[in-house]
Structure formats: C-alpha cells, structure tokens
4 protein chains.
Amino acid sequence: MNFNDKQAIYLQIADYVCDKILTAEWRPEDKIPSVRDLAIELQVNPNTVMRAYEYLQQLEVIYNKRGIGHHVAPDAKGVISGFRKQLFFENELPQLFKNLELLNIGFGEIQIRFDNYLKSSEKQQNENKQ
Amino acid sequence: MNFNDKQAIYLQIADYVCDKILTAEWRPEDKIPSVRDLAIELQVNPNTVMRAYEYLQQLEVIYNKRGIGHHVAPDAKGVISGFRKQLFFENELPQLFKNLELLNIGFGEIQIRFDNYLKSSEKQQNENKQ
Amino acid sequence: MNFNDKQAIYLQIADYVCDKILTAEWRPEDKIPSVRDLAIELQVNPNTVMRAYEYLQQLEVIYNKRGIGHHVAPDAKGVISGFRKQLFFENELPQLFKNLELLNIGFGEIQIRFDNYLKSSEKQQNENKQ
Amino acid sequence: MNFNDKQAIYLQIADYVCDKILTAEWRPEDKIPSVRDLAIELQVNPNTVMRAYEYLQQLEVIYNKRGIGHHVAPDAKGVISGFRKQLFFENELPQLFKNLELLNIGFGEIQIRFDNYLKSSEKQQNENKQ
DNA sequence: GTGGTCTAGACCACC
DNA sequence: GTGGTCTAGACCACA
C-alpha cells in the first residue's frame, strides 16, 4: 500500500482484492483473508481493511457469513468487470485519446508497446507454471 | 471548472492553463491573465487561481515579473510534454494494458474507437474554422 | 513568530521546523506536531502552518502519511544542510566579503566577535543542561 | 536587475547606486544619471528609478537640484557606511555565526576563502588598471 | 494595476 | 483525530 498516493488506502485495498478475483486467484465462494490477517499482510490499520471490505460488500463483490468470514460473491467477476468497463470507456479511454493527440504520440507506438507487453506477460506466466 | 470532480479545482485550473499552452493559444513569453481576471472568468476564488499559478511556477511552466504579472516560460511546452509523457508511459499506459487483459477487451476495439475519435475531432476543428 | 518581520510567517515556521531537525530535537521518522497543534503553539492560523508543511514536503524535508500526520524524512538533515550550505557559500559569504571590503572592516574583528559568540553559546548550553 | 528576486527592484537600484558611491566611482557632488537614462540602462520602468532616488534622498545619500538633476551628497559615503554597518553587525553577522555552528563549518575555512577572495580581487584591480 | 500573505471559518475524506 | 481544499475578505508592498 502506498501511503503517499493520492488514492485512498481503502480503495487501494479494494483494488487489490478485485485484482485477485479477476485473475481467478480467489474464486467464487472462496473464503478471503480475515480483516486482521490482511491488515497484518498489508501493514495497515485493521479499520482500513474493514472499510474496504464494507465497500466491497456494498458493491456485492464479497459477502459476509457471521462468525465465519468474508467470501467471494458468486458473480463477483461480472460485477467488477462491469464497474471497471464503465470507468474504462467513459473516463480512461477519452483521456488516453486526448493525450495521444496533445502529446503527438502515434497510435502505432501504442500497438508496439502492447505487443511487447503481451510477450513479457506470456513469458512470465510460462515461468510461473514451471 | 467542475466543482464535483474529485480532482481539486486548482489542479483543474493548472490543467486548463497547460492545455492553452500546449495548443499554442498562449505562447512563450505571453502574459497570461491576472489572478483576479482568471478568477472572475472561471468563477472561482482568486486564492484558488493563485494556488494554481504557484504550482505552475514551481514546475517552471510560468514565471512571474514583479508587479507586472505571470508569463508563459520559454520552454513551457517542453516541460508540460515531459511531465505528461512520463505520466502517460509510466502510469496510464500500463493501466490500459492491464485493463485490456483483465477485462478481455481486444486491442482492435481500441483502434476502432480511436479512429472514430479522430474523425469527430477533425470534424469539430473544421466547424471551428468556418 | 515575528509578525513584523519582512520574512513571511510560513517561512519562519519552516525555518523553525528545520532548526528542530538540525539540532536533532526531532529525528528522522518522528511524527511532528499536527497542523492544528503547531498552529495553537505558535499562535497562528492553521492554514499558515499548513503552508509551511506543504513547502517542506516539496523540499522532501518532511513527508505525510494519510490520516496519520507529518513525519521527518529519512535524510531531512542532509537535505536541509544542502540547501543552507548552498545559500551560505553562494550568497551569504560573498555578501560578507563584499561588506568587509566596502565597509573597511578587518577580518580580525570578525574573528574576535566569533570567539565571543562561541563562548556565550557554550555558556548557554551549560546552563540548559543544569 | 532581477525581476524574480524577492528583493524589491527599487531597493536593488538603490543598492546599485550605493555601491557606485562606496567604490568612489561616483564621488560627492557628482551628477548621477538622470531617471530616464538609468531606467533605460537598467531596463526598468522610470517610475521605479524615481522611487529609488526618492528613497536615497530621504536617506540623505543624494540630493536634487531642480531642473539640473540628482547629485551625490557630501557625506554620502558616511551615511551609507553607517546603515550598512548597522545591518551587518546586528543581522548578517549573527546569522552567519548561527550558520557556521549549525552547518558545522569551521572558521578556518572562512579565513581561507577570504584570502582567496582578496587575491582574486587584487588581481582583477590590477588588470583593470592596465 | 499586479502578486503575496494572512485570517477565520467552513466542509470533506480519510485513518 | 489527521490533512486538504475552498471561500470571503482583508491588508500590504510593489510597478
């Protein structure tokens, strides 16, 4: 967690959890780490983890079984994808296009960098498998 | 100015000024509007404009002559481009790639949307010329 | 704080903080007083303290943890010394030499006054220890 | 003149005039440059030069003959020395000593640097004579 | 006219 | 509790 980032820590934690779910590291109905454990792992105040979990419950990404712990919601992946896609197409992409134009960056360069990204990404996955 | 945006107003003003410089509407050594004038134009408190100008001075995008006013720095365009490119390549682009991967969005779709963006952008410029 | 000094109050506060750090009264990673607390202690407006802290953050003398407070940066002492030495050798010392020459003041007199300064300084420290 | 310096321009001009007098480049009863001429030479607004001259008149460093111009006062050198010495001993020197102490700079180093300064100063004067 | 500083007081998000 | 932002209004020095 980055304590000096402009993004709130509880949102950083929520993103951390969402990434775990999107990459299927945590699957639907899986039990996710307890508030205390995650707080220790991420070196933050348990209240802050609690707030992130509450936020994710509200979004129906996770749910809580009293006395048992928090679990990944059945359609967590769909919900997260929905939110992120909206953010992506309505905010990030227009901003990207504006930058390409103002900074005189060609679309070709983006394509090349994306290809490189894919290659290094695949390579890393292969290494992890071995 | 967007008063409900999460981004601070003074940063929005700074971006507003940078855009004026990048599009060459304001050129190096030009005098830019006084704190009070811009405050009236943008309907904000003069202190808020002052804060934006202070921030831009620190970044060496503008400079101040005692009692005369603020002026566009000689290499303002280079400085702004530098900052924005760094932000673009180090944050926005990796974020884009990560999104494409996690959200299962094809690169082709981005390309189509960019072409559409360019068309509507050109169209608008032609309308402004007339 | 000296309200009639030509030097801005927020800069006086910044100097106050730097002196605390240089004398090791506040050490690296220590939490420094909150904006509101220092404002009460120094009898100034919290905004003024905030401005001093912003300035020091920009200089990387202190840093901020979200919701926790401001802390002395790891190399604060080095940073401050660097700035002050630069100011000293590039401005103050040439100014001193120019004065000695134009005002016909002998270097010996400076030496005598410095010895007296050291004596009174030591004396005061001894008194504080007791 | 430095338009971005914290010191007011009219004070910079006043210092400029005082230096000329202290170095005896301009002698008592000499006519000094007209407001217009000095304004052109220093690339500033004539009003600003006027303000500097008014300030120096008030200090009895220069005086004005109506329709003729400004002249160096008989005891200009004494007056200037007086002011500067006061500033020197009451402000600059204590500040210097405090810096030496906090920055751990030995007095010996100052002495060496002063000797070097004198040598280069003499050398330059010899060159100017030739 | 220009910027620069300061105050008082408010509201907000965050930990 | 912490900082961060904004407003309204004041005063000052400077060109």
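Predicted, not measured: the structure shown is a model, and the values here were computed from it. Just so we're on the same page: letters track the sequence lines, and every chain starts at 1.
At least one test fails for B:Arg66 against the ring of D:Phe3: distance under 6.0 Å to the centre or angle within 45° of the axis.
For F:dG4, the base has no donor-acceptor partner in the side chain of C:Asn47 [N/O atoms by modelled type, under 3.5 angstrom]. Side-chain to base pairing of B:Arg36 with E:dG3: one donor and one acceptor N or O lie within less than 3.5 Å of each other.
Ring geometry for B:Tyr16 versus B:Trp26: interplanar angle over 60°, hence perpendicular rather than tilted (30 to 60°).
Comparing atom distances between the A:Arg51 side chain and each of F:dC14, E:dG3, E:dC15 picks out E:dC15 as nearest. With E:dC6, F:dC6, F:dA15 as the candidates, the nucleotide lying closest to the side chain of C:Thr48 is E:dC6.
Side-chain contact of C:Gln58 with B:Tyr55: a donor-acceptor pair under 3.5 Å is absent, judged by distance alone.
With DNA chain E read from its 5' end, the first of the two nearest nucleotides for A:Leu11 and B:Ile32 is the one closest to B:Ile32. Position along DNA chain E of the nearest nucleotide to A:Ile9 versus B:Asn64 favours B:Asn64 as the more 5'-ward residue.
D:Phe3 comes within 4.0 angstrom of nothing in the nucleic acid, heavy atoms only.
Atom-to-atom, CD1 of C:Ile68 to C1' of F:dG4 comes out at 16 Å; the value is rounded to the nearest Å. Going from atom NZ of B:Lys6 over to atom P of E:dA13 covers 14 Å, rounded to whole Å. With rounding to whole Å, B:Tyr55 atom OH is found 20 Å from E:dG3 atom P. Distance CE (C:Met50) to C1' (E:dT5): 16 Å, rounded to an integer number of Å.
Pairing partner, E:dC14: F:dG1, with both Watson-Crick or wobble hydrogen-bond distances short of 3.5 Å.
For the side-chain hydrogen bond (donor to acceptor under 3.5 Å, both in side chains) with B:His70, the qualifying choice from B:Gln57, B:Lys31, B:Lys65 is B:Gln57, the only one to do so.
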